[in-house]
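Working notes, beginning with the structure itself.
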2 protein chains.
Amino acid sequence: MTSVDHDSRAAVMDLLRGVVDDYLDWREACGSTAGPPPDSARHLVRELSGRLARESTPWPSPLYLAHMTADTPVAVTLAYLCALLYNPNNVSSEASPVTTQLEHDVGDDLCRLVGYHPARGWAHLASGAHAANYEALWIARNLRRLPRAAAEDPPSRDLVADIPDIRLANLPVGRVLDLVDELARRGTLERVRRLAQRGRSSGKLLFARNAHYAWHKCADLLGFGSEDVESVELDRHHRIDLSALRRRVVELIERGRPIVAVVATLGSTGEGSVDDLDGIMRLRDWCEQRHGASFSVHVDAAFGGFHRAICLDRDGAMLPHDDPALSVRLKPHVYAAFRALARADSVTVDPHKCGYAPYPAGGLALRDRRAAAVVASRSVYFADGDRQPYAPYTLEGARPGAAAAAVWAAHRLIGLHAGGYGRLLGGCMASAQRLHQRFSSTGQGLVSCYEPDLNIVNIAARDEIDPLLDRLRADAAAAPMTSLWVSSNALADEGERVLRLCVMKELHPRDLDQVCRKLRDARASSAVALRDPQAAYTAGRASRTP
Amino acid sequence: MTSVDHDSRAAVMDLLRGVVDDYLDWREACGSTAGPPPDSARHLVRELSGRLARESTPWPSPLYLAHMTADTPVAVTLAYLCALLYNPNNVSSEASPVTTQLEHDVGDDLCRLVGYHPARGWAHLASGAHAANYEALWIARNLRRLPRAAAEDPPSRDLVADIPDIRLANLPVGRVLDLVDELARRGTLERVRRLAQRGRSSGKLLFARNAHYAWHKCADLLGFGSEDVESVELDRHHRIDLSALRRRVVELIERGRPIVAVVATLGSTGEGSVDDLDGIMRLRDWCEQRHGASFSVHVDAAFGGFHRAICLDRDGAMLPHDDPALSVRLKPHVYAAFRALARADSVTVDPHKCGYAPYPAGGLALRDRRAAAVVASRSVYFADGDRQPYAPYTLEGARPGAAAAAVWAAHRLIGLHAGGYGRLLGGCMASAQRLHQRFSSTGQGLVSCYEPDLNIVNIAARDEIDPLLDRLRADAAAAPMTSLWVSSNALADEGERVLRLCVMKELHPRDLDQVCRKLRDARASSAVALRDPQAAYTAGRASRTP
């Protein structure tokens, strides 16, 4: 044990002693003393702890580049524990006076992170990106149906009477939100919402072919017909093809077919690619000017949302692209996407991915909090506090206040700006770029498929990757702490399978050397037939672009 | 500090030291030493801990009868912490080798708890009852649409050709599951699922008027038209009115209108009432015999599922109703509902309610695991283990392995049988019954509204309850540790507002005395007009029963 390590243990135990004392004092004051845990309980905890230490995947290792597990600071985990002891449920501030307040703070943080105004926008935590994405689309779908439902409701009809049906089908979001306000003022919102529920056709949902697989779950869950879900092809950078999107969107608007949402991805889970969000927002502006009609834009930034901190100053303002405070050079379209994020209608951003918070901590931010009204429900047994309560306006009900405490602590300890998360995630990106450079030529039988937008690298092999993956997995099983951990990806539905390296920590040059050596060794030792990987990659790409 | 308490602290700290040592040893072996937390982090954790201890609602207090917060054993919280340190994500066993195994064990536990066979059924954890209920209804909706979609698919059509359309609309679940098998065998399941997605009408969803408010969220989320959601009236015991349900179900079946599901509630959140599930299952049998058609039954046992342990032996078999091992006398229809639970298609049961596990821990159990096939998706970057992986078959993706560890520990430390959870929850029920008896006459201006089915008591006041609630809340704000905490309920949408006491711990006779005295004192000191509470209650009930 080194002296630094000894200090760590002493410091952690010292903190824990205080936390446990606070908790047991509180229990005593509650008139409830539990007594020491019985032997069976102590035995069970010790066994569990030992098993976790023996068998867990070694994600803190510099050689672990598989799943998106970020290295949660110990103090953040302790913040989770602090709150866990009191078992708060953020469904209602009555059951969680402290952590509901912390979630309000976190909501404001997330608004600022994505560029929304905390007083006009609204953000909250969710169990993960699945729930956040479901909720965003639920809102977008209900908003989309509202104008036509208002046209069917005699006391509301005049509000939309001057709008031709073809424009009503795709009324711009801002106008729909004003309509929500006016319906609420007239007391007809609930009836119009019920009318909107009778409208059976959902409208179209458009996302890129490399969007997260959960988008298909989402579409099915929300009752989208299979014919209403459109996967837009990719360009050669693994981003949504903007020309294809434009053609399709214009066609739908011209035909008066409702578009529920266009989903952009900031950091696809397979490739870490960033869609041209700035282009999508400009397309929307153009549609509004040209057709008086447009669409909701939801951004799945579950992975890439925290990266926006790279270009934020301490007040949450965007720094110039070439500001020396930026810890890494961003591609122009990535910088532009971060700037454009502030104009999207909703953003999914997961603190349990690049926010360095433990599971479960997804997040959803709405640019305009009025949007939540179209999914609102009321419960009979909650009392409201001063701020918008969560349960009646969110997909989920009971929710761990401890998760809010951990995210709150992470934001405060790390900092949502260039010198905080920006420095950490910029370090990951710089390491990913170096990995890409190490495999930028085809000479080694392994080649990086693209220059990464963020911190995921895809590496194609000259040959089938399964023997290579098998080799790496066998090594990892035999010697988890000293082996290289990677996962795999398919570059498109039918495309080339490649190695996927998700770089969740900055790699020291000697670690980078080791990663590269282990990759080359594994390739050399997996006996395989020879093909040209660059050709295979190009072929795979060509097969996707009709 | 008493010596018992001193022992508790020493025992907890001793356990924690071992847990932290295991974790920091593991980190070292991973080649990642973090160093001691900086001063700012220590300060933040200390502040947070102090604030939680000062401001948390005192749910361990015997006077806390408001929210459904169960008294989680310290060892269960420590099990959560153990796993939290390793931050496992049960989305894939690759990211959580230990806790995914624990969730498989927990899934088997939950199957046995509700009476399903673990090898044929399937259960998993969820973020809460909202997610579990959404998922159950997503499955039921997709199953319901499948037979008619098969009839539209030429290569599958022969499988249903001999079934008249009126029966196809409500084909019994068992036959739909056999159809799923056969479609999968023929390789046409995916196509038929896509055809089923084009079917726009969802079919009917029936639940009692006191079902959880989230069922309306659920129906809207899944795209049910407002006309497809039917709230069935209540009988005088606050349970779904079986005659009304029978009339409606028979009418729909006879008209060939699809019924997606009948939702029964075991433990309504407002009243703790238990629907006559045995009657519902007998109704289903009768429909199948009489019409060759029936409906899915989903049970929302988020609150009442763990109570089934009251009548389970250590092998999970039902004990006789009058067996002395039952810690409390169950009403006959409650016992029958627990027995009938094994025959329902799916059950939501929340370990974070009466399972004494911390948030977040909801759960969903399916009687027949084949049902999950109708919502299955595949992701390109997960490798499967030996057992059915979670992400492709569940609503949610990333999920905290630590929650699984805590539930696993709770099940093992407490025991899913009459002598474990049965004894704890039987104690809560017995206390609720005593509270009911104390307020069974109208003499005190306060009267219990019904003999509780489980452990929630509703108490009507002779007068408006708001002044009384204000009084109790003011007391609780001034002296949280020594005041009575209750919540309120509306006995039906338009019904009488009453006090709601949720008894999550066994109350010692002196605690019971104190609860009653504080209630009477608060009533006496809240100046109010006089009415007869029994009459008010009866009037409220009458207004609900057309």
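In this text, all values refer to a predicted model and were calculated from it rather than measured experimentally. We name chains A, B, ... by the order of the sequence lines, and we start the count at 1 in each one.
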Largest heavy-atom contact set with chain A, pairs under 4.5 Å, which of Ser127(B), Ala11(B), Pro480(B), Pro62(B): Ser127(B)
Side chain / backbone / both / neither for Ala302(B) at chain A, heavy atoms under 4.5 Å: neither
Leading residue by heavy atom contact count with chain A [cutoff under 4.5 Å; candidates Pro400(B), Ala219(B), Pro60(B)]: Pro60(B)
Residue pair Tyr86(B) / Ser49(A): nearest heavy atoms and the distance that separates them: OH-O, 4.0 Å
Exercise: identify the closest heavy-atom pair between Glu396(B) and His130(A): C-CD2, 3.7 Å
Nearest atoms (heavy-atom pairs only) where Ser8(A) meets Pro36(B): OG-N, 3.1 Å
Heavy-atom pairs under 4.5 Å with chain A, option from Ser226(B), Ala95(B), Pro58(B), Pro88(B) with the top count: Ser226(B)
Straight-line distance of Tyr359(B) OH to Ser96(A) OG, nearest 0.5 Å: 9.0 Å
Max heavy-atom pair count under 4.5 Å with chain A, selected residue of Val19(B), Thr72(B), Asp14(B): Val19(B)
Region of Thr99(A) in contact with chain B, defined by heavy-atom distances below 4.5 Å: side chain
Residue part contacting chain A, namely of Asn90(B), when any heavy atom lies under 4.5 Å: neither
Residue selection (most heavy-atom pairs with chain A, distance under 4.5 Å) from Leu137(B), Thr57(B), Asp220(B): Asp220(B)
Segment of Asp71(A) engaging chain B (4.5 angstrom heavy-atom cut-off): side chain
Close side-chain approach of Arg194(A) and Glu227(B), heavy atoms under 4.5 Å: no
Set of residues satisfying salt bridge (charged side-chain N to carboxylate O under 4.0 Å, His left out) with respect to Asp22(B), sequence neighbours excluded: none
Per-residue contact mode, Glu47(A) against chain B (heavy atom under 4.5 angstrom): neither
Under 4.5 Å from any heavy atom of chain B - which part of Asn142(A): side chain
Option that, when pairs with chain B are counted at under 4.5 Å, heavy atom only, ranks first among Asn89(A), Leu81(A), Val74(A), Leu48(A): Asn89(A)
Heavy-atom pair with the smallest gap, counting every atom of Val98(B) and Ser56(A): CG2-N, 4.5 Å
Results of side chain to side chain donor-acceptor pair (under 3.5 Å) for Tyr134(A) - residues two or more places apart only: none
Under 3.5 Å donor-acceptor, Arg399(B) side chain and Gly128(A) backbone: no
Audit row: Trp26(B), Met481(A), side chain to side chain contact (heavy atoms under 4.5 Å, CB included) steps and yes/no: CA-CA 9 Å; Trp26(B) 173 78; Met481(A) 296 301 182; 3.4 Å; yes
Under 4.5 Å from any heavy atom of chain B - which part of Thr69(A): side chain
Engaged part of Arg141(A) at the chain B interface, taking heavy atoms whose separation is under 4.5 Å: side chain
Proximity breakdown for Ala83(A) and chain B, heavy-atom pairs closer than 4.5 Å: both
Among the listed options Ala66(B), Ala361(B), Pro37(B), Pro97(B), the residue most often paired with chain A at heavy-atom distances under 4.5 Å: Pro97(B)
Expected output: side-chain Arg27(A) to main-chain Ser61(B) donor-acceptor under 3.5 Å: no
Side-chain H-bond candidate by donor/acceptor type, Trp59(A) with Asn87(B), under 3.5 Å: no
Criterion side chain to side chain contact (heavy atoms under 4.5 Å, CB included) on Leu44(A) and Trp408(B), from CA distance to verdict: CA-CA 10 Å; Leu44(A) 180 137; Trp408(B) 177 86; 3.9 Å; yes
Ala29(B) versus chain A, the contacting section by heavy-atom distance below 4.5 Å: both
Test log, rule side chain to side chain contact (heavy atoms under 4.5 Å, CB included), inputs Leu102(B) and Arg51(A): CA-CA 11 Å; Leu102(B) 299 183; Arg51(A) 192 172 159 196; 3.6 Å; yes
Distance-minimising heavy-atom pair for Val45(A) and Ala79(B): CG2-N, 4.5 Å
Among Leu52(A), Thr77(A), Val76(A), residue most engaged with chain B (heavy-atom pairs, under 4.5 Å): Leu52(A)
Heavy-atom proximity to chain B below 4.5 Å, by part of Tyr23(A): side chain
Check: Lys217(A) side chain, Thr394(B) main-chain N or O, donor-acceptor pair, under 3.5 Å: yes
Residue Arg54(B) versus chain A: region with a heavy atom under 4.5 Å: neither
Worked check of side chain to side chain contact (heavy atoms under 4.5 Å, CB included) between Arg9(B) and Asp25(A): CA-CA 10 Å; Arg9(B) 287 174 203 242; Asp25(A) 287 348; 2.7 Å; yes
Closest-packed option against chain B by number of heavy-atom pairs under 4.5 Å, given Leu24(A), Val375(A), Leu221(A): Leu221(A)
Pick from Thr482(A), Leu413(A), Val12(A) with the largest number of heavy-atom pairs that fall under 4.5 Å of chain B: Leu413(A)
Interface moiety of Leu15(B) toward chain A, non-hydrogen atoms closer than 4.5 Å: side chain
